[in-house]
Colleague: 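Handing you this structure, nothing more for now.
Please read these numbers as outputs of a predicted model, since none were measured by experiment. Values below: all heavy atoms of this structure, side chains included; hydrogens, waters and symmetry mates excluded.
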Amino acid sequence: MRITNLRTNQIKNPLGFELDHLRLSWITENEQSNSLFQSHACVEIADDQNFKNIIYQSGKRENIDSLSFTPNVILEPRTRYYWKVTVWGDAGDVATSDIAWFETGKMDEQWQAKWITPTLDKDIHPLMRTSFHLDKEIESARIYISGLGIYHLEMNGEKVGDEYLAPGFHAYDYWLQYQTYDVTDQLKQGENAIGVMLGNGWYKGRFGFDGVHYELYGNQFALIAELHVTLKDGTTTIVKTDDAWKCTSSPITFSDIYDGEIYDATKEIKDWSLPKLNDQNWNQVLETEINTEKFIGRLSLPVKIMEKRKPIEKIITPAGETVIDLGQNMTGWLRFKVDLPKGKKVCLQFGEILQNGNFFRENLRTAKAEYQYISNGTAKFVEPYFTFYGFRYVKLVGFDAEIDLENFIGCVMYSDIEETGHIETSHPLVNQLFQNAMWGQKGNFLDVPTDCPQRDERMGWTGDAQIFASAASFNMYSPAFFRKYMYDLREEQKRINGSVPFTVPSIKPKGETDFMSGDGSAAWGDAATIIPWTIYLHYGDKGLLNEQFETMKAWVDYIKKQDDDSGGKRLWRVGFHFGDWLALDGEDPNGFIGGTDTHYVASAYYYYSTQIVAKAANVLGKLDLAEKYSILADEVKQSIINEYFTPNGKSAINTQTALILALHMNLVPEHYKERIAEDLRDKLAGDNMHLKTGFVGTPYFAPALSENGSSEDAYTLLLNEDYPSWLYAVKLGATTVWERWNSVLPDGSISGSGMNSLNHYAYGSIVEWMYRYMCGINPVERAPGFREILFTPKPDGRLDYAKATLNSASGRIATSWKINADGSLTFTFNIPFNTKATVILPDAVAEKIKVKDKNGSRIKLDLMQNDTNVDVELWPGEFTFEYTPTKKYIKNFNFSTTVRDIISYNEARSYFNELFPEIKENKFILELVANKRLDELVEDHLLSKIVTKDKLSKFFRSVNK
């Protein structure tokens with residue numbers, strides 16, 4: 001056995017994070033061990049690396065859960081703790097982990113440092129510094145620091161740490177976080193110096209929807225820092241910010257999240273963060289106060305340069321512009337080498353797309369998104385400090401004609417989150433779609449889950465976040481990232497009676513009523529319940545669920561109060577709601593609001609969130625509350641049935657999204673479901689097998705189909721290549737997911753610039769279906785964190801194979817399926833140590849299944865026939881199943897084929913539409929014939945003039961190759 005991935009509060013070796021609720025987790029791999037399950041474990045914590053002073057030992061216990069273990073230990077401020085775990089397997093094996101650590105910040109310790117502010121004009125970006133002497137050798141050193149807006153820290157001439165844009169983006173008026181850095185190796189005996197640059201950031205720069213707001217949280221630069229140095233003789237020296245520090249103007253003359261940065265190297269001060277600098281002519285600073293309710297250790301994961309990309313091409317556009325192509329829409333900046341005469345200015349402008357071959361950035365609206373650099377005559381690599389860009393293309397202005405691409409490096413920036421999931425299929429466009437969703441997550445998981453990284457917005461829209469939370473958790477190890485976002489949400493919610501802002505952190509312009517600073521919309525506010533529950537399902541950490549439970553409950557209580565105050569009908573029929581945002585079935589297909597009644601959507605989420613709160617209460621042992629919210633959920637469901645469904649189960653709202661929500665959210669009794677599912681299938685066929693859904697309907701569309709026996713239709717949605725579809729964008733060269741289904745038109749022109757992001761992850765939620773249904777990896781509510789796995793792979797003949805891996809909270813899960821040349825199926829499943837799995841094999845006969853272990857040896861298992869499927873319970877290990885399915889997965893079209901079968905396949909649909917344009921162009925006829933067989937059309941006295949045997953024979957020759 002081998003123990004890996006030791007995490008404290010879901011972070012590996014966290015330094016200075018807020019650890020008020022300590023939880024430890026790890027993964028055990030059985031490798032060559034005979035053990036399959038953990039029998040016992042023991043956790044030890046010490047305050048020394050040699051474990052001579054053990055402060056906690058759990059003892060050898062059966063009830064220690066590797067997903068989340070809370071030791072009963074009292075932590076001290078500014079202390080590093082070491083921990084390890086020993087695991088015993090059920091076959092008698094034993095393994096002890098390597099040593100992990102966590103280090104506390106200041107906790108409740110009083111700050112000796114003071115907030116200081118420069119004595120400069122508030123718009124002048126400052127340098128701030130101090131120097132100090134250490135007369136003895138250094139044992140260790142930590143600096144605890146925060147700055148407003150954002151800071152860049154140097155010590156003795158070198159950057160401290162590898163993160164950027166600290167302290168990050170959060171609800172500054174309610175809480176502020178500080179960071180901790182180990183600077184032991186950057187100090188020396190003798191003279192030392194600390195230097196800090198400050199930029200505007202989210203705190204005091206231009207920020208908010210459409211970018212019309214300034215100084216949302218404050219109007220002054222500020223800094224606090226406290227350096228604690230432990231010397232080898234055991235004594236301690238503290239260096240702190242106070243009015244003895246000095247300041248002067250920075251070479252950064254302008255910085256802004258939206259507009260970029262201007263750096264004038266002619267104003268650089270050589271050695272500004274070295275002790276030898278003579279700063280006698282620098283200005284004094286003032287001590288100040290920063291008004292925030294909480295000042296705590298960090299929750300934000302550091303934003304880092306996580307990847308680097310080389311440009312793939314230099315382009316001279318028809319307009320004569322010099323543009324370099326990074327080959328990928330990304331978030332970050334360009335690091336580049338300059339060797340220019342003193343005073344020479346160059347400018348980089350960032351955009352997502354070319355138009356008519358020329359550089360284009362109108363869809364960034366008012367965001368200038370540029371970087372200006374004025375040379376001091378020195379050759380060096382440069383990059384911004386206090387901004388970031390969403391881009392693929394960079395226009396170079398003022399550079400020499402000869403551009404060497406080796407002098408440019410694309411720096412990809414996002415929060416320090418580990419990739420955990422991967423999907424591969426036989427279909428190149430599907431593989432690219434998966435990568436686009438992953439890149440959309442990378443581009444928008446920058447401290448908060450933003451809607452987009454490029455235009456004058458970049459805000460933490462709650463609707464986008466909850467839509468994508470599960471897909472995000474398959475793709476990347478996300479609990480710590482979402483914990484910080486939920487902390488922001490909780491702090492915002494406390495001030496608005498349980499409601500939830502449209503964006504978190506909320507943008508609150510002073511003295512203005514701004515629509516985008518509103519709150520209380522269904523699907524958006526439901527981030528309060530859906531995200532914590534999703535994170536619990538994926539990671540099995542009850543502590544995270546418990547931290548957020550009051551927020552979850554408060555949101556449902558807010559909805560109930562809205563309901564009670566408007567008559568108590570157990571429906572949510574008041575207030576503004578975004579509804580099925582950007583759906584295509586509204587009165588204006590290019591408008592914002594879809595065709596599904598927004599109050600139906602709101603009532604559906606009322607029920608959905610209330611159910612989640614009841615389930616969370618049950619998990620946490622709050623049984624009285626579980627019963628209370630279960631009763632409320634039942635009341636809401638009955639009201640929805642009474643209001644929106646006929647006695648025979650027909651939906652009064654005939655839209656794709658209305659039917660999808662009824663199925664996915666379980667809004668109707670079980671005996672209604674087949675009727676609703678059939679109506680959804682008919683609706684989809686009537687829409688020529690294309691989606692018309694927006695932000696609410698899209699995430700649940702394919703799952704609702706697969707859960708109700710229509711996975712072929714779900715594959716059709718996935719594999720459609722024309723508008724509107726996911727692969728439409730891929731075929732047009734998209735490398736991220738778009739905000740709109742037609743963000744770019746078939747001729748390559750952008751469909752509009754007012755609200756049109758080419759990096760918007762919400763519709764990337766399709767990858768959750770790809771993990772759960774195409775490849776079949778599902779968490780189980782009764783044993784979350786993939787302690788139990790439900791494998792439900794659903795092959796389709798339009799793909800030769802699909803496979804997925806997931807480095808879950810319980811270990812590495814892998815699954816694959818393949819359709820062999822003879823039509824047989826091969827499935828492989830890898831189940832990690834200390835987990836169980838149920839596999840549902842589709843279209844199978846138990847007696848005809850061959851089962852092999854990882855060595856290829858035949859084994860016997862207890863296979864249970866369950867209608868057309870076969871169920872089997874599995875234990876840790878690798879298993880392969882081979883059989884010939886009871887249905888053919890490779891489609892052959894004939895006179896018994898239905899019209900909906902034909903239009904479910906891209907190539908067949910194309911031929912059919914070409915031969916029978918009268919059907920394609922008449923929605924009424926299409927709905928009428930969708931479920932009819934071709935031989936029925938030939939015999940129909942009205943349709944036989946259109947659908948002839950000769951035309952059908954031609955059709956069969958074209959598609960049956």
Side-chain angles (χ1 to χ4, degrees), residues 425-433 584 656 681-692 701-702 705 710-732 741-742 745-747 774 795-801 819 821 823 887-961:
T425 76
S426 60
H427 198 306
L429 298 182
V430 173
N431 296 341
Q432 184 62 49
L433 172 62
L584 302 175
Q656 291 179 354
R681 289 190 284 268
D682 289 346
K683 182 69 178 170
L684 181 58
D687 289 323
N688 202 25
M689 303 305 291
H690 283 74
L691 51 76
K692 292 199 168 183
F701 203 157
L705 291 168
S710 299
S711 274
E712 285 192 8
D713 289 343
Y715 271 98
T716 297
L717 291 178
L718 173 70
L719 297 173
N720 281 337
E721 296 180 6
D722 54 339
Y723 166 80
S725 69
W726 285 278
L727 298 188
Y728 166 80
V730 175
K731 289 196 74 174
L732 283 174
W741 294 112
N742 65 339
L745 301 177
D747 64 0
M774 182 175 75
D796 187 276
R798 286 164 282 186
L799 301 181
D800 297 330
Y801 71 87
I819 301 176
K887 78 169 190 180
K888 291 184 178 180
Y889 280 87
I890 300 173
K891 186 69 70 174
N892 187 55
F893 299 95
N894 53 51
F895 282 102
S896 296
T897 302
T898 65
V899 172
R900 74 172 291 117
D901 282 339
I902 292 170
I903 62 177
S904 293
Y905 285 70
N906 274 300
E907 187 176 5
R909 183 198 304 142
S910 178
Y911 284 119
F912 189 81
N913 290 341
E914 184 179 325
L915 287 169
F916 308 109
E918 303 92 337
I919 295 177
K920 173 198 173 187
E921 293 168 5
N922 191 314
K923 183 177 175 66
F924 172 77
I925 295 178
L926 183 59
E927 289 182 354
L928 185 69
V929 305
N931 292 314
K932 290 184 178 293
R933 300 192 311 271
L934 295 180
D935 58 3
E936 292 177 313
L937 299 188
V938 172
E939 300 298 325
D940 188 287
H941 71 284
L942 292 176
L943 296 170
S944 58
K945 295 179 180 179
I946 299 173
V947 184
T948 66
K949 285 188 176 181
D950 287 344
K951 283 188 176 180
L952 287 177
S953 295
K954 184 178 181 181
F955 171 75
F956 295 144
R957 287 195 299 272
S958 298
V959 296
N960 292 330
K961 298 175 181 177

Colleague: Using the test side-chain contact (heavy atoms from CB on, under 4.5 Å), find all partners of Glu939 that sit at least two apart in sequence or belong to another chain.
Modeller: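 So Glu939 forms no side-chain contact (heavy atoms from CB on, under 4.5 Å) with any residue.
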Colleague: Does Glu721 have any side-chain contact (heavy atoms from CB on, under 4.5 Å) partners at least two apart in sequence or in another chain, and if so, which?
Modeller: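 Once residues adjacent in sequence are excluded, the partners of Glu721 under the side-chain contact (heavy atoms from CB on, under 4.5 Å) criterion are His427, Leu429, Leu727, Lys731, Asn906.
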Colleague: Determine the minimum heavy-atom distance between Ile902 and Ala908, stating which atoms define it.
Modeller: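 Minimum heavy-atom contact is O-CB, 3.6 Å.
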Colleague: side-chain hydrogen bond (donor to acceptor under 3.5 Å, both in side chains) for Arg909 and Asn720? Distances and angles first, verdict last.
Modeller: CA-CA 10 Å; Arg909 183 198 304 142; Asn720 281 337; 2.6 Å; yes
Colleague: Can you list every pair that meets side-chain hydrogen bond (donor to acceptor under 3.5 Å, both in side chains) and has a residue in residues 889-905, with sequence neighbours left out?
Modeller: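 The answer is Asp713-Arg900, Asp843-Tyr889, Thr898-Asp901.
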Colleague: Please round to the nearest 0.5 Å and tell me the distance separating atom OG1 of Thr425 and atom CD of Gln432.
Modeller: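 CD of Gln432 is found 11.5 Å from OG1 of Thr425.
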Colleague: Checking side-chain contact (heavy atoms from CB on, under 4.5 Å) for the pair Leu584/Tyr723: CA distance, chi angles, key distance, verdict?
Modeller: CA-CA 11 Å; Leu584 302 175; Tyr723 166 80; 3.6 Å; yes
Colleague: Whether the side chain of Asn960 engages the backbone of Phe893 through a donor-acceptor N/O pair (distance < 3.5 Å, no angle test) should be reported.
Modeller: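 Answer holds: yes.
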Colleague: Quick one: side-chain contact (heavy atoms from CB on, under 4.5 Å) partners of Ala714, sequence neighbours excluded?
Modeller: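 Ala714 satisfies side-chain contact (heavy atoms from CB on, under 4.5 Å) with Ala702, Leu705, Ser706, Trp769 only.
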Colleague: Mind checking ring-ring contact (aromatic ring centres under 6.0 Å, His included) for Trp726 and listing every partner two or more places apart, or none if nothing turns up?
Modeller: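 Once residues adjacent in sequence are excluded, the partners of Trp726 under the ring-ring contact (aromatic ring centres under 6.0 Å, His included) criterion are Trp741.
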Colleague: List in chain and number order the residues that pass side-chain contact (heavy atoms from CB on, under 4.5 Å) with Lys945, two or more places apart in sequence or in another chain; answer none if no residue qualifies.
Modeller: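 Listed in chain order: nothing, the list is empty.
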Colleague: Drop me the distance from Ser725's OG to Leu718's CG, to the nearest 0.5 angstrom.
Modeller: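 Here the interatomic distance stands at 9.5 Å.
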Colleague: Verify, without hydrogens or angle tests, whether Asn688 (side chain) and His690 (backbone) share a donor-acceptor contact under 3.5 angstrom.
Modeller: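 Pair absent, no side-chain N/O of Asn688 close to backbone of His690.
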Colleague: Do the side chain of Asp940 and the main chain of Leu942 share a donor and acceptor less than 3.5 angstrom apart?
Modeller: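 Checked: pair present.
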Colleague: Looking at Thr948 and Phe916, what are the two nearest heavy atoms and their distance?
Modeller: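 Nearest heavy atoms, Thr948 then Phe916: N-CE2, 4.5 Å.
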Colleague: Within a radius of less than 6.0 Å around NZ of Lys888, do more than 12 heavy atoms belonging to other residues, nucleotides or ligands occur?
Modeller: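 Open: at most 12 neighbouring heavy atoms sit under 6.0 Å from NZ of Lys888.
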Colleague: Using every non-hydrogen atom in the two residues, find where Pro724 and Leu691 come nearest and quote the distance to one decimal.
Modeller: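 Closest approach of Pro724 to Leu691, heavy atoms only: CG-O, 3.2 Å.
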Colleague: Mind listing the closest non-hydrogen atom pair of Arg933 and Phe895 along with its distance?
Modeller: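 Taking every non-hydrogen atom into account, CB-O, 3.8 Å.
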Colleague: Is it true that the side chains of Thr716 and Arg798 contain a donor and an acceptor less than 3.5 Å apart?
Modeller: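 Indeed, the side chains of Thr716 and Arg798 share at least one donor-acceptor pair under 3.5 Å.
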Colleague: What is the distance from atom CE of Met689 to atom CG of Leu684, rounded to the nearest 0.5 Å?
Modeller: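 Nearest 0.5 Å value for the CE-CG distance: 4.0 Å.
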Colleague: Looking at every heavy atom in both Tyr728 and Asn742, which two are closest together, and how far apart are they?
Modeller: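 Residues Tyr728 and Asn742, closest heavy atoms: CE2-CA, 4.2 Å.
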Colleague: State, to 0.1 Å, how close Asp800 and Ser426 come at their nearest heavy-atom pair, and which atoms those are.
Modeller: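 That closest heavy-atom pairing would be N-OG, 2.7 Å.
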Colleague: Hey, mind stepping through Met774 and Leu799 against side-chain contact (heavy atoms from CB on, under 4.5 Å) and telling me if it holds?
Modeller: CA-CA 10 Å; Met774 182 175 75; Leu799 301 181; 3.9 Å; yes
